[in-house]
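Structure first, commentary second.
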Amino acid sequence: MSEQTQAPVNTYNNRAASFVEYVIGRCQTDNGLRAALKRADNPATEYQSWEVLAGFKINLENEDERIPYAAIAATIARVKIGKNGAVQIGQAIACCYEDGNNSEQAKAKLRRLLACNSVSEACRILRPLFSLIEAKGLASLDYARLLDDLLWFGHEERQTRIKARWAQSFYGKEIEEKVDA
């Protein structure tokens with residue numbers, strides 16, 4: 001692997017956070033890599049992101065691992081952010097509409113996301129939501145948390161907790177977690 005695409009030593013407690021910070025930093029300095037990562041959420045061109053994903057020891061054969069990393073990398077490459085944000089996905093959906101969490105359109109988008117039963121389905125539903133959030137010029141999402149959620153989404157025992165957290169952030173009723181999901 002070339003030195004330019006070498007993944008940094010993990011200085012974070014969370015692999016997802018380390019990946020997000022790396023992609024943000026690389027997209028700021030390498031337009032060629034940013035262009036390749038923008039295509040990471042398209043199955044026909046996703047392979048262009050594999051060098052970066054493999055550098056983080058992501059199992060490219062495991063769709064439940066590869067697809068979330070590719071989707072988040074593609075989104076970060078498109079939005080040109082300087083750092084990971086703090087806005088949760090539910091909050092961001094609500095903020096896209098004038099009526100916030102009272103908007104029927106916002107509720108429909110949340111319900112569709114919450115109806116997902118697989119990682120690949122959730123990533124497919126998130127793609128147009130990312131475009132909507134970007135188009136509205138909202139504060140930056142917490143991509144590290146969302147990536148972590150997506151990586152655990154395939155585990156049935158955690159999926160309900162993740163969906164509940166997304167709904168709570170949508171309705172503005174955040175609670176402090178005692179156990180990290």
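All heavy atoms count here, side chains included; hydrogens, waters and symmetry mates do not. Computed from a predicted model, the values in this text were never measured in an experiment.
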**Study point:** With sequence neighbours excluded, residues passing side chain to side chain contact (heavy atoms under 4.5 Å, CB included) with Ala144
**Key:** Ala17, Val20, Asn84, Asp142

Review point. Quick one: does Val119's side chain get under 4.5 Å of Glu63's, heavy atoms only?
Key: no

Review point. With a 6.0 Å cut-off on ring centres, are Tyr69 and Trp50 close enough?
Key: no

Study note, to complete from the structure: Sorted by chain and residue number, the side chain to side chain donor-acceptor pair (under 3.5 Å) partners of Arg111 (sequence neighbours excluded) come out as none

**Study point:** Pairwise distance CG(Leu53) to CG(Leu60) - rounded to 0.5 angstrom
**Key:** 6.0 Å

Check your understanding: Any side-chain heavy atom of Arg15 within less than 4.5 Å of one from Ile58?
Key -> yes

Review point. With distance as the sole test, does Ser49 use its side chain to make a donor-acceptor pair with the main-chain N or O of Ala70 at under 3.5 Å?
Key: no

Review point. How close do Ile24 and Ile81 get, heavy atom to heavy atom, and via which atoms?
Key: CG2-O, 3.4 Å

Point to revise | Side chain to side chain, Phe153 and Cys116, heavy atoms closer than 4.5 Å | key: yes

Point to revise | side chain to side chain donor-acceptor pair (under 3.5 Å) involving Arg66 - partner list, sequence neighbours excluded | key: Glu46

Practice item. Start with the C-alpha distance between Asn42 and Tyr47, add both sets of side-chain angles, then the distance that settles side chain to side chain contact (heavy atoms under 4.5 Å, CB included), and finish with yes or no. Key: CA-CA 9 Å; Asn42 179 336; Tyr47 69 89; over 6 Å; no

Revision key, fill the gap. In terms of heavy-atom contacts, Pro128 and Ile125 come closest through CD-O, 3.3 Å

Point to revise | Heavy-atom check, side chain of Leu150 versus side chain of Cys123, under 4.5 Å | key: yes

Check your understanding: Minimum heavy-atom separation for Ala115 to Lys163, with atom names?
Key -> C-NZ, 4.4 Å

Practice item. Mark yes when over 12 heavy atoms from residues, nucleotides or ligands other than Glu157 sit less than 6.0 Å from its CD; otherwise mark no. Key: yes

Exercise for review: Nearest 0.5 Å please: distance from the CD1 atom of Ile93 over to the CG atom of Leu110.
Suggested key: 5.5 Å

Practice item. Treating Ile, Leu, Val, Met, Phe, Trp and Tyr as nodes and any side-chain heavy-atom pair under 4.5 angstrom as an edge, say whether Val79 and Leu132 lie in one connected cluster. Key: no

**Study point:** Side chains of Arg165 and Ile162 in contact at under 4.5 Å (non-hydrogen atoms)
**Key:** yes

Check your understanding: When the ring planes of Phe19 and Phe56 are compared, do they come out parallel, tilted or perpendicular, using 30° and 60° as the limits?
Key -> perpendicular

Practice item. Identify whether the distance between the nearest side-chain nitrogen and carboxylate oxygen of Asp30 and Arg34 falls below 4.0 Å. Key: no

Check your understanding: Are Ile76 and Leu37 close enough that some pair of their side-chain heavy atoms sits under 4.5 Å apart?
Key -> no

**Study point:** Side-chain heavy-atom pair Asn101, Lys107 within 4.5 angstrom cut-off
**Key:** no

Exercise for review: I would like to know whether Asn117 and Gln159 meet side chain to side chain contact (heavy atoms under 4.5 Å, CB included); could you show each step before the answer?
Suggested key: CA-CA 8 Å; Asn117 292 316; Gln159 192 178 90; 4.3 Å; yes

Practice item. Would you sort out whether Leu147 and Trp152 count as a side chain to side chain contact (heavy atoms under 4.5 Å, CB included), showing the intermediate values? Key: CA-CA 9 Å; Leu147 175 55; Trp152 284 106; over 6 Å; no

Check your understanding: Any side-chain heavy atom of Trp166 within less than 4.5 Å of one from Arg161?
Key -> no

**Study point:** Spatial distance of atom CZ (Arg127) from atom OG (Ser131) [nearest 0.5 Å]
**Key:** 10.0 Å

Review point. Does Tyr97 offer a backbone N or O that forms a donor-acceptor pair with the side chain of Lys136 under 3.5 Å?
Key: no

Point to revise | Chi angles and distances behind the side chain to side chain contact (heavy atoms under 4.5 Å, CB included) call for Glu121, Arg112 | key: CA-CA 10 Å; Glu121 182 184 14; Arg112 180 60 189 104; 3.0 Å; yes

Review point. Got a donor-acceptor contact below 3.5 angstrom from the Gln88 side chain to the Ser169 backbone?
Key: no

Point to revise | Exam field: side chain Ser103 to backbone Asp99, donor-acceptor pair closer than 3.5 Å | key: no

**Study point:** For Arg78, side chain to side chain donor-acceptor pair (under 3.5 Å) partners two or more places apart
**Key:** Asp41

Exercise for review: With rounding to the nearest 0.5 Å, note down the distance linking CG in Asp148 to CG in Asn14.
Suggested key: 4.5 Å

Review point. Hey, is the main chain of Ala77 close enough, under 3.5 Å, to the side chain of Lys38 for a donor-acceptor pair?
Key: no

Check your understanding: By ring-ring contact (aromatic ring centres under 6.0 Å, His included), which residues pair with Tyr143, not counting sequence neighbours?
Key -> none

Check your understanding: What residues, two or more places apart in sequence or in another chain, satisfy side chain to side chain donor-acceptor pair (under 3.5 Å) together with Asp64?
Key -> none

Review point. Just wondering, more than 12 heavy atoms not from Glu134 lying within 6.0 Å of its CD?
Key: yes

Check your understanding: Hey, any chance Ile89 and Ile67 share a hydrophobic cluster, counting ILVMFWY side chains that come within less than 4.5 Å of each other, even indirectly?
Key -> no

Check your understanding: Which distance, rounded to the nearest 0.5 Å, do you find between the CG of Leu113 and the CZ of Phe170?
Key -> 11.0 Å

